[in-house]
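The structure appears below as structure tokens.
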Amino acid sequence: MPQYTPPVRDTRFVLDHVIGLQQHANLPGFETASPDVVEAVLEEGGRFVAEVLFPLNQVGDRQGCTRHEDGSVTTPEGFKDAYRQYVESGWATLGNQPEHGGQGMPHSISVAFQEYLISANMAFAMYPGLTHGAIAALVAKGSAEQQAMYVPRMVSGEWSGTMNLTEPQCGTDLGLIRTRAEPNADGSYAITGTKIFISAGEHDLTDNIIHLVLAKTPGAPDSSKGISLFVVPKVLVNDDGSLGARNAVTCGSIEHKMGIHGNSTCVMNYDGATGWLVGEENKGLAAMFIMMNAARLGVGLQGLGVAEVAYQNAVHYARDRRQGRALTGAAEPDEKADTLFVHPDVRRMLMEGKAWTEGLRALCLWAALQADLEHAAPDEADRERAADLIGLLTPVIKGVGTDKGYEVATNAQQVYGGHGYIAEWGMEQYVRDARIAMIYEGTNGVQAMDLVGRKLAQKNGRAVQAFFAMVAAEIAEAKGDDAAADLAGRLEKALGELQAATMWFVGHGLKNPNHVGAGAVAYMHLMGLVAVGLMWLRMARAAARLKAAGEGDAGFLEAKLVTARFFGERMLPDAGALRRKIEGGADSLMALPEDAFLAA
């Protein structure tokens with residue numbers, strides 16, 4: 001049976017010594033995040049997910065969700081009661097603003113808790129996770145009336161939210177949507193169409209589900225410029241806030257999927273459902289991007305969360321399972337075989353898992369801090385810089401976080417050998433669950449194109465230049481630190497490869513845009529390698545300082561230093577290969593005619 005222990009100590013190390021959460025204690029929203037409060041949130045949040053949600057993970061996978069003849073959906077056994085406990089314990093309100101009934105904790109604390117939630121039960125975590133994105137969109141673009149009607153009860157967890165984008169004939173190309181919004185005399189709209197792949201589209205956890213739906217109004221441009229956003233509640237809400245009649249939106253079916261069976265991924269049918277315009281007409285895509293960006297960061301966190309729990313179980317298995325002997329001679333001569341830990345290739349998979357999970361955790365928490373600073377920093381230049389950095393790295397966190405999360409989960413399964421393929425051990429579920437994160441909220445190829453096609457050039461490259469300057473400055477400072485000098489030198493080489501690849505795009509992309517498309521994924525991974533490398537540089541320096549001062553757990557700190565060294569020696573060298581892939585261009589990639597792809 002799988003097991004899970006929330007990595008509270010590692011989270012605290014990052015918050016306290018790597019991103020310096022307490023350095024911002026004087027900013028709005030941070031005053032409640034004292035060390036004692038943060039410790040209590042992480043410890044209690046970790047206990048809750050481990051004791052209440054983790055035991056339901058395999059239950060949800062086996063049972064899945066059930067659609068009934070009336071279109072209603074029931075979640076797996078135990079989910080409804082667990083959600084009730086989640087709401088009553090106040091976890092739904094953690095990172096939301098007090099004016100809407102939230103606790104007002106920094107986003108970085110909320111993200112830390114969300115990681116634990118995902119590791120414990122990814123399918124369950126998706127229900128409140130989607131609600132967070134819907135809240136963000138309504139707070140940013142909804143009218144005062146819409147916010148008052150929906151947001152407080154979404155914040156409390158009494159109601160949930162969804163995002164309805166995709167349709168059968170379109171995926172990422174939302175300009176192809178056919179859902180129509182016909183204006184009614186009272187200012188509302190009649191929404192008609194079919195949406196697919198709608199996570200948490202229908203369920204029994206909440207009394208109401210607030211759908212945010214993309215549709216086109218009559219006469220709107222038949223492209224992405226003609227998309228509007230509408231709020232469409234499952235149950236209409238009366239003026240006094242009470243629930244009224246059922247709206248004309250139903251779950252037509254539940255998708256049969258590879259994983260995340262405990263979450264209801266629905267085909268949603270809108271048959272003249274009543275909805276209200278959110279924001280301006282034909283400006284829906286910009287409004288939805290607020291929700292999509294929040295979701296993309298959340299999906300990157302899903303990659304980390306599943307990787308962490310898969311990695312933990314692989315470590316436990318490698319310590320218990322005995323197979324063969326160490327190459328250097330029997331490690332335990334009195335036993336018939338040594339544990340898997342003696343084998344270098346097993347250690348390779350585990351060390352890669354440790355390096356990526358801890359590195360991505362630091363990157364996700366640092367990014368969450370930038371989201372906090374974008375709104376709370378007192379200086380406009382600091383707010384602008386934080387916004388630039390989080391905007392630049394959002395596709396990297398989503399794309400690299402989920403690619404590596406799946407890779408770590410697959411390697412963790414590999415550690416088990418044949419047992420990894422057997423359901424009772426739980427590893428094959430983690431591989432199946434992790435796979436979707438590379439696909440939804442924009443496939444990782446789309447994330448890469450967003451990075452190289454939009455983010456690099458925005459504001460004359462201001463964001464990427466700020467990123468380069470930040471990394472270079474920290475490398476220069478670390479070169480004088482004996483404990484981090486070697487890693488700093490290796491990261492400097494990787495940064496040089498990234499800068500050279502960027503300039504190659506500048507020189508060749510305008511001549512042939514396919515060069516940019518062909519190198520986009522490699523570039524995204526190259527930037528991710530540098531970004532996580534920067535986090536390891538920071539962690540190595542922090543661990544060395546604490547160790548020299550005799551503070552903290554010496555074994556924990558030494559493990560940080562060794563893992564940082566491993567990342568520098570075994571993973572940063574990939575930067576050169578990624579750059580060479582980019583500079584290989586698109587010529588051979590695009591040369592074959594379509595009919596030559598099949599040899600027969």
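Sequence positions, counted from 1, serve as the residue numbers for this chain.
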Check: Between Ser160 and His203, is any side-chain donor less than 3.5 angstrom from a side-chain acceptor?
Finding: yes
Checklist line | Salt-bridge contact Arg385-Asp382 (side-chain N to carboxylate O under 4.0 Å) | finding: no
Next item on the list: Please report the C-alpha distance between Thr502 and Tyr523 in whole Å, then the side-chain angles of each, then the deciding distance to 0.1 Å, and finally whether the side-chain hydrogen bond (donor to acceptor under 3.5 Å, both in side chains) criterion is met.
Entry: CA-CA 8 Å; Thr502 307; Tyr523 186 89; 2.7 Å; yes
Notebook entry, point to check: Is it true that the side chains of Thr265 and Lys257 contain a donor and an acceptor less than 3.5 Å apart?
Noted result: yes
Next item on the list: Answer with yes or no whether the side chains of Gln302 and Tyr440 bring together a donor and an acceptor at under 3.5 Å.
Entry: yes
Next item on the list: State, without any angle test, whether Lys398 and Asn444 hold a side-chain donor-acceptor pair at a distance under 3.5 Å.
Entry: yes
Margin query: Do Ile191 and Arg180 make a side-chain contact, defined as non-hydrogen atoms from C-beta onward lying under 4.5 Å apart?
Written below: no
Check: Do Lys195 and Ile177 have side chains that get closer than 4.5 Å, going by heavy atoms?
Finding: yes
Next item on the list: For residues Ala575 and Glu497, report the shortest heavy-atom separation together with the two atoms involved.
Entry: O-CB, 4.0 Å
Note to self: Could you check whether Asp372 and His107, counting side-chain N and O atoms only, form a donor-acceptor pair closer than 3.5 Å?
What the structure shows: no
Check: Applying salt bridge (charged side-chain N to carboxylate O under 4.0 Å, His left out), which residue pairs with at least one partner in residues 125-138 are found, sequence neighbours left out?
Finding: none
Margin query: Using side-chain heavy atoms (C-beta onward) and a distance below 4.5 Å, is Lys404 in contact with His525?
Written below: yes
Notebook entry, point to check: Regarding His211 and Thr162, is there a side-chain donor-to-acceptor distance under 3.5 Å anywhere?
Noted result: yes
